[in-house]
Protein chains: 2
Amino acid sequence: MARAATTSDAFNAIAEPRRRQILLFLADREYSVNEIVDGLRVDQPSVSKHLRVLRDTGLVRMRCSGRQKLYRTNAESIRPLHEWASEFERYWTHQLLRVKDRAEKKAASRAASSDSSSPKKEE
Amino acid sequence: MARAATTSDAFNAIAEPRRRQILLFLADREYSVNEIVDGLRVDQPSVSKHLRVLRDTGLVRMRCSGRQKLYRTNAESIRPLHEWASEFERYWTHQLLRVKDRAEKKAASRAASSDSSSPKKEE
DNA sequence: GAATCATATGCCCATATCGGCATATGTCAA
DNA sequence: TTGACATATGCCGATATGGGCATATGATTC
């Protein structure tokens, strides 16, 4: 088994820089494929393929309008990503606080004396 | 050129489910490699390789302790991911509000009369 | 219907990836 | 030093991927 299929989940879908770019581009409103092509200066088949992946993972939605197809980001399907990030946020905050804490302690001890606070071998 | 190297950015790193699992596992405190192996029931070389990627992208940090190496998530390097997600959050919120809005309007109009609100052809 | 515009798909190639396995490196204990 | 423990790395094969190009499908206008 090689890498998991891109089509299967949103995390894999946003692993590709160009797709993140497209997502950002589509963030504010609807765009046709050609507008994306012109806006990002990527060739059309490539854009279509990326849009396909984004659509399969549900990250964007498509609407037909004459011969054009209008794409936009899909809020609901993007939520799992957001929630995953949020799940970490708690820990991150803790860690950041700890980092801040440590920095303050260090500064304090540096101010009090010039004792070397036994730096741990961190890689 | 195929896909961008996993090593290059955090998005690619978290594209792999096993790595997300490891990140979650490491979220609360430090763990040795073997603890991860036992905890997630993945074989050791695989864990080591994933840890390597996570370390290269800066998502985790490593500290030596005797013959063990202790890993933990690295708050700062995870922040770009969080910020990227947050950048969307604004739009998502808007979209979600719109969705909610629409739903409410729909419910209201359904309550008032049984008029079909010209549903657009959505894929 | 024919020509044209808008988008999607198929094919090929070079490459990165993961898992599995064996093995190398590094560290501590006797 | 030797041996056990802890972790990292190298190699292999199967496979998914993205880009480039040509081309197919679909819709509109003439």
Side-chain angles (χ1 to χ4, degrees), chain A residues 1-23 25-26 30-57 60-72 120-123, chain B residues 1-22 25-26 30-57 59-72 120-123:
Chain A
M1 242 168 280
R3 178 184 287 192
T6 262
T7 312
S8 59
D9 78 36
F11 289 96
N12 245 313
I14 66 164
E16 167 64 38
R18 204 86 68 176
R19 281 196 287 266
R20 287 201 295 278
Q21 210 181 354
I22 293 176
L23 279 178
F25 193 80
L26 296 179
E30 279 181 337
Y31 287 93
S32 74
V33 177
N34 265 340
E35 283 176 320
I36 304 171
V37 168
D38 294 345
L40 303 184
R41 305 185 143 279
V42 186
D43 54 23
Q44 178 268 314
S46 186
V47 169
S48 278
K49 281 177 196 168
H50 285 308
L51 285 172
R52 178 92 169 113
V53 172
L54 292 172
R55 246 187 42 178
D56 285 349
T57 58
V60 302
R61 288 217 167 170
M62 189 261 284
R63 183 172 74 87
C64 295
S65 169
R67 38 182 144 180
Q68 296 188 319
K69 308 209 176 172
L70 305 176
Y71 286 83
R72 61 179 172 81
K120 262 111 186 171
K121 189 166 115 200
E122 293 237 2
E123 181 189 7
Chain B
M1 243 169 280
R3 180 187 285 195
T6 263
T7 312
S8 60
D9 78 37
F11 289 97
N12 243 313
I14 65 164
E16 167 63 42
R18 204 86 66 175
R19 283 196 286 267
R20 288 200 296 276
Q21 210 181 353
I22 293 177
F25 193 79
L26 296 179
E30 280 182 336
Y31 286 93
S32 75
V33 177
N34 265 339
E35 284 175 317
I36 303 171
V37 168
D38 294 345
L40 302 184
R41 306 186 144 280
V42 186
D43 54 23
Q44 179 269 315
S46 186
V47 169
S48 278
K49 282 178 196 167
H50 285 308
L51 285 173
R52 179 91 169 112
V53 173
L54 291 172
R55 247 187 41 179
D56 284 350
T57 58
L59 287 169
V60 302
R61 287 217 164 171
M62 190 260 284
R63 182 173 73 89
C64 294
S65 168
R67 38 182 144 180
Q68 297 188 318
K69 310 208 174 172
L70 304 177
Y71 285 84
R72 62 180 170 79
K120 263 113 187 167
K121 188 164 118 203
E122 293 240 1
E123 177 187 13

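Quick note on labels: first sequence line is chain A, next is B, and so on, each numbered from 1. Basis for what follows: all heavy atoms, side chains included, without hydrogens, waters or symmetry-related copies.
- What separates CZ of R19(B) from P of dA16(C) is a distance of 15 Å, to the nearest Å.
- Comparing S65(A) and D43(A), the nucleotide of DNA chain D nearest to each residue sits closer to the 5' end for D43(A).
- Applying the salt bridge (Lys or Arg N to Asp or Glu O under 4.0 Å) criterion to R18(A), with sequence neighbours excluded, gives no partner residue.
- The backbone N or O of H50(A) sits nowhere less than 3.5 Å from a side-chain atom of R19(A) that would complete a donor-acceptor pair.
- Atoms OH (Y31(B)) and P (dT7(D)) sit 15 Å apart, rounded to a whole Å.
- A straight line from CD1 of I22(A) to P of dG18(D) spans 11 Å, rounded to a whole angstrom.
- Atom CD of E16(A) and atom P of dG18(D) are 5 Å apart (whole Å).
- Across the protein-nucleic acid pair, I36(B) atom CD1 and dT7(D) atom C1' stand 11 Å apart, rounded to whole Å.
- Remark: the backbone N or O of Q68(A) is not paired with any side-chain donor or acceptor of S65(A) at under 3.5 angstrom.
- Note: CG (L40(A)) to P (dG19(D)) measures 12 Å, nearest angstrom.
- You'll find the ring centres of Y31(A) and F25(A) inside the 6.0 Å limit.
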Exercise. Indicate for each nucleotide in nucleotides 3-10 of chain C, in 5' to 3' sequence, whether protein heavy atoms under 4.0 Å reach the base (B), only the sugar-phosphate (S), or nothing (-).
Key: -BBSBBBB
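- Note that R20(B) lies in the cation-pi zone of F11(A), set by a 6.0 Å cut-off to the ring centre and a 45° limit from the axis.
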Can you give me every donor-acceptor pair (side chain of residues 37-44 of chain B, partner residue at least two apart or in another chain, under 3.5 Å) with its distance?
{"from": "Q44(B)", "atom 1": "NE2", "to": "S48(B)", "atom 2": "OG", "distance (Å)": "3.0"}

